[in-house]
Amino acid sequence: MTALETYRSKVMELIGRGADETDALKAAAHLIADSLQRGEVLHVFGSGHSMLPAIDATFRAGGLAPVNLLHDPGLAPWEPTRVSRVERLPGYGNAIADLQDLRAGEVVVIVSNSGINPVPVQLAERVRRDGLTVVAITSRPHSEASGSRHPEGLKLIDVADIVIDTHAPEGDVTFTLDDGTETGPVSTILATTLIHSLTIAAMAELAGRGVRLPVLRSMNRADGDESNEAVIEPFRARLSREP
């Protein structure tokens, strides 16, 4: 196979492994559905490239409106050198939580491929103490093969209430080129697939309960802007990056 065919095959294989996470997805979706039915919001977080799946779950056509991105500019993926330092700072996760409107009973989805850095782990610890549920989207293979950078040696898989495994391989590489170069990153693709699977499962459960779904339309469709304005309005004060 060519490198392109090999990469495509690896991606599809690993997306298929998502079927192994059905029970965890259903359990997390049930909690999210309960929270949204109470009028609460879903919170999502990631740092570096793990922020991309979290961003993709917010203000997304066909996605839930009440999704709040726990955004910190110091962790943005377009500043990789800065991120690599900031996400290792003990206590920074607590500072992120301090700046957010996080309420007991709500759900926080934390995306972290390795799950070994202090920021996502301490954020998870903090919000759990405050009565929120933590759902981790992370790679068990990578996490279990790596040492923790948390002061107490904890990893995200140790502190999350529900763990959804991306099955991304250690190092986020899936194959080797003829010259020995390791390549084929998949963590962002897999995490994005899983976070959308999670929200869609929550939507399906709410629809089954007869709850009107707070779902966004494409702003480039007829009446998209008007529809989205009406859907977002009840949650606007809770969303950190509202349009």
Side-chain angles (χ1 to χ4, degrees), residues 18 21-46 50-72 96-97 99-112 120 123-124 127-128 130-137 160-164 188-243:
E21 304 307 306
T22 298
D23 289 345
L25 284 164
K26 286 183 177 178
H30 178 75
L31 295 174
I32 292 170
D34 285 348
S35 176
L36 295 181
Q37 190 169 1
R38 294 192 296 267
E40 299 167 347
V41 303
L42 170 65
H43 305 279
V44 292
F45 172 83
S50 291
M51 186 185 288
L52 298 175
I55 292 172
D56 205 52
T58 62
F59 304 110
R60 156 62 65 181
L64 289 165
V67 180
N68 178 50
L69 178 66
L70 304 183
H71 176 261
D72 187 282
I96 292 171
L99 297 172
Q100 296 289 333
D101 181 5
L102 302 171
R103 303 179 186 180
E106 296 182 330
V107 177
V108 179
V109 177
I110 297 179
V111 184
S112 175
L123 175 63
V127 300
R128 284 191 70 197
D130 290 344
L132 289 85
T133 297
V134 174
V135 177
I137 296 181
D161 296 288
I162 299 173
V163 176
I164 301 173
T188 303
I189 296 171
L190 299 175
T192 302
T193 300
L194 289 171
I195 202 167
H196 285 305
S197 298
L198 181 58
T199 56
I200 289 168
M203 285 188 245
E205 182 158 344
L206 287 169
R209 300 178 188 179
V211 176
R212 184 177 180 183
L213 299 179
V215 175
L216 297 165
R217 292 167 54 89
S218 169
M219 64 181 67
N220 296 313
R221 294 179 65 182
D223 301 325
D225 289 339
E226 293 80 1
S227 174
N228 290 344
E229 181 68 22
V231 170
I232 289 172
E233 186 56 36
F235 309 101
R236 191 179 300 281
R238 301 290 317 281
L239 305 180
S240 60
R241 296 170 64 84
E242 75 277 5

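Keep in mind that the numbers below use all heavy atoms, side chains included, and drop hydrogens, waters and symmetry copies.
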Salt bridge Glu226-Arg217, side-chain N to carboxylate O under 4.0 Å:
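No salt bridge links Glu226 with Arg217.
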
Any ion pair linking Asp101 and Arg103 (charged N to carboxylate O, less than 4.0 Å)?
yes

With a 3.5 Å distance limit and no angle check, can you tell me whether [X] reaches the backbone of [Y] through a side-chain donor-acceptor pair?
{"X": "Thr193", "Y": "Ile189", "answer": "yes"}
{"X": "Asn68", "Y": "His43", "answer": "no"}
{"X": "Ser227", "Y": "Gly224", "answer": "no"}
{"X": "Arg38", "Y": "Gly105", "answer": "yes"}

At what distance, to the nearest 0.5 angstrom, does [atom1] of [X] lie from [atom2] of [Y]?
{"X": "Asp23", "Y": "Ile164", "atom1": "CG", "atom2": "CD1", "value": "11.0 Å"}
{"X": "Thr188", "Y": "Met51", "atom1": "OG1", "atom2": "CE", "value": "12.0 Å"}
{"X": "Ile200", "Y": "Ile195", "atom1": "CD1", "atom2": "CD1", "value": "11.5 Å"}
{"X": "Asp72", "Y": "Leu99", "atom1": "CG", "atom2": "CG", "value": "8.0 Å"}
{"X": "Ser218", "Y": "Arg60", "atom1": "OG", "atom2": "CZ", "value": "9.5 Å"}
{"X": "Leu123", "Y": "Leu102", "atom1": "CG", "atom2": "CG", "value": "7.5 Å"}

Could you walk me through whether Lys26 and Glu205 pass the side-chain contact (heavy atoms from CB on, under 4.5 Å) test, one step at a time?
CA-CA 9 Å; Lys26 286 183 177 178; Glu205 182 158 344; over 6 Å; no

pair [X]-[Y]: side-chain heavy atoms closer than 4.5 Å:
{"X": "Pro66", "Y": "Leu42", "answer": "no"}
{"X": "Ile32", "Y": "Thr199", "answer": "no"}
{"X": "Arg236", "Y": "Glu229", "answer": "yes"}
{"X": "Ile55", "Y": "Leu69", "answer": "yes"}
{"X": "Val135", "Y": "Leu31", "answer": "no"}
{"X": "Leu198", "Y": "Val109", "answer": "yes"}

Test log, rule side-chain contact (heavy atoms from CB on, under 4.5 Å), inputs Leu216 and Ile232
CA-CA 8 Å; Leu216 297 165; Ile232 289 172; 3.7 Å; yes

Any chance you could lay out the side-chain contact (heavy atoms from CB on, under 4.5 Å) test for Val111 and Val44, step after step, and finish with the verdict?
CA-CA 8 Å; Val111 184; Val44 292; over 6 Å; no

Take a 6.0 Å sphere around CZ of Arg209 and say whether it holds more than 12 heavy atoms from other residues, nucleotides or ligands.
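For Arg209, atom CZ is crowded (more than 12 foreign heavy atoms under 6.0 Å).
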
Quick check: closest heavy atoms across [X] and [Y], and the distance to 0.1 Å?
{"X": "Gly18", "Y": "Leu25", "answer": "O-CD1, 4.4 Å"}
{"X": "Ser112", "Y": "Pro120", "answer": "OG-CG, 4.0 Å"}
{"X": "Val231", "Y": "Pro214", "answer": "CG1-C, 3.6 Å"}

Testing Glu40, Glu106, Gln100 one by one against Arg238 for a side-chain hydrogen bond (donor to acceptor under 3.5 Å, both in side chains), which residue passes?
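Exactly one pass, corresponding to Glu106.
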
Mind running side-chain contact (heavy atoms from CB on, under 4.5 Å) on Leu36 and Val211 for me, showing each step along the way?
CA-CA 10 Å; Leu36 295 181; Val211 176; over 6 Å; no

Taking side-chain contact (heavy atoms from CB on, under 4.5 Å) as the criterion, tell me which of Ile96, Val107, Val108, Thr133 meets it with Val127.
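That would be Val108.
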
